[in-house]
Amino acid sequence: MTLEEIHGQEPLPAGHDWMQGAGTALRKLLVSAQRRGCLTAGVYESAKLMNVDPDNVAFCVLAADEEDEGDIALQIHFTLIQAFCCENDIDIVRVNDVAKLAAIVGPSEESGEPRDLHCILITNPNEDGWKDPALETLNSFCEESRNVNDWVPTITLPE
C-alpha cells in the first residue's frame, strides 16, 4: 500500500499535460516578472532579499545542471533556501536546464554579462492587484505536487 492509497490520493503521472503547462507557465512568469522588475537572480542576492523582506517573495526557482549536482556548497544553499521557502509558505520548483533558463531570462541588464541563475525569486510588485495567471497556475501546480508528497517539483521548460 502506497502513501497515496492511504490518504486516498491518486499519484499523477510524470508526463501528464499539467507538467507541460507548468513549464509554459514558468516561462511566461519569468518573462513577465523580468519586464516588471520583479525578478531577483542569484543565490546570494536571493538570500539577501529573503532575509530582508520574505513577505514580498511570491515564488522561487532553483536551477541546476547535472554538473552542478556535485557542487556541495550549492546543494547546501539549495537546502537552506528550500527550508526557508517552506517555513514562509513560498512555492518553490526546480529546473534541470540552466541553459534554457538563461535563454528566457538573458544576461544582466546592468553589465550585460551572464548572471547566476541557480536561484531566481519572483517578488510582488508594488502595484496593487497584480494577478499573473502564470503565477496562479504555478501555485496550483505546486499545491497538487505537495498533495502527492512532491515538495519541490521539477519543471521542464519548453523549447
Side-chain angles (χ1 to χ4, degrees), residues 12 14-69 71 74-75 77-146 150-159:
L12 297 171
H16 203 266
D17 287 341
W18 62 274
M19 288 288 270
Q20 293 174 346
T24 301
L26 180 58
R27 185 181 209 301
K28 289 178 183 177
L29 179 63
L30 291 169
V31 169
S32 174
Q34 187 167 17
R35 193 173 50 243
R36 293 180 179 273
C38 302
L39 187 139
T40 300
V43 172
Y44 296 110
E45 293 82 357
S46 297
K48 285 191 288 188
L49 177 65
M50 286 190 287
N51 188 40
V52 173
D53 192 10
D55 293 333
N56 196 31
V57 178
F59 199 78
C60 180
V61 178
L62 297 178
D65 288 326
E66 284 184 28
E67 61 267 7
D68 294 326
E69 296 300 323
D71 186 343
L74 183 63
Q75 297 307 317
H77 287 295
F78 279 5
T79 301
L80 293 171
I81 290 168
Q82 288 174 24
F84 186 88
C85 288
C86 288
E87 185 72 25
N88 289 281
D89 296 322
I90 299 167
D91 285 327
I92 182 170
V93 296
R94 288 194 123 198
V95 173
N96 289 333
D97 195 336
V98 178
K100 281 185 186 176
L101 201 55
I104 295 168
V105 177
S108 173
E109 291 180 11
E110 297 90 37
S111 65
E113 293 186 23
R115 53 184 160 175
D116 174 16
L117 297 176
H118 290 106
C119 182
I120 296 177
L121 297 181
I122 307 299
T123 56
N124 291 316
N126 294 331
E127 306 166 16
D128 290 331
W130 178 61
K131 296 287 184 194
D132 192 315
L135 180 58
E136 291 176 14
T137 299
L138 288 166
N139 288 335
S140 296
F141 171 79
C142 288
E143 185 176 337
E144 288 293 320
S145 296
R146 284 191 297 273
D150 186 3
W151 296 95
V152 184
T154 300
I155 290 180
T156 302
L157 292 168
E159 294 297 324

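The first residue of the sequence shown is numbered 1, and numbering continues consecutively from there.
- Side-chain contact between R27 and P158: present, with at least one pair of heavy atoms (C-beta onward) separated by less than 4.5 Å.
- Closest heavy-atom contact between A64 and D68: CA-OD2, 3.6 Å.
- Between atom CG of residue D71 and atom CG of residue D65 there is a gap of 11.5 Å, rounded to the nearest 0.5 Å.
- Here the closest non-hydrogen pair linking K100 and L157 is NZ-O, 3.0 Å.
- In terms of heavy-atom proximity, L26 sits nearest to F59 at CD1-CE2, 4.2 Å.
- Checking each of T40, L101, I104 against I120 for a side-chain contact (heavy atoms from CB on, under 4.5 Å) leaves exactly one that passes, namely L101.
- In this structure, the side chains of N88 and V57 stay at 4.5 Å or more apart for every pair of heavy atoms.
- The CZ atom of R36 lies 11.5 Å from the OG1 atom of T123; values are rounded to the nearest 0.5 Å.
- Proximity of a side-chain donor or acceptor of D116 to a complementary backbone N or O of H118 within less than 3.5 Å is detected.
- Between the CD atom in E87 and the CE atom in M50 there is a gap of 13.0 Å [rounded to 0.5 Å].
- We find the CG-CD distance between L80 and Q75 to be 11.5 Å, quoted to the nearest 0.5 Å.
- When all heavy atoms are compared, the tightest approach of S46 to A41 is OG-C, 4.5 Å.
- Counting only heavy atoms from C-beta outward, the side chains of L30 and I122 approach each other to under 4.5 Å.
- Although no hydrogens or angles enter the test, the distance criterion places a donor-acceptor pair under 3.5 Å between the side chain of N139 and the main chain of L135.
- With rounding to the nearest 0.5 angstrom, the CG atom of L62 is 12.0 Å from the CG atom of L117.
- Between I90 atom CD1 and C142 atom SG the span is 11.5 Å, to the nearest 0.5 Å.
- More than 12 non-hydrogen atoms from other residues, nucleotides or ligands lie less than 6.0 angstrom from CD of E67.
- Using a cutoff of 4.0 Å between basic side-chain nitrogens and carboxylate oxygens, D132 and K28 are not scored as salt-bridged.
- The two residues A63 and F78 make their nearest non-hydrogen contact at O-CZ, 3.4 Å.
- Heavy-atom minimum distance, I155 versus V93: CD1-CG1, 3.7 Å.
- Side-chain contact between T24 and T137 is absent, with no heavy atoms from C-beta onward closer than 4.5 Å.
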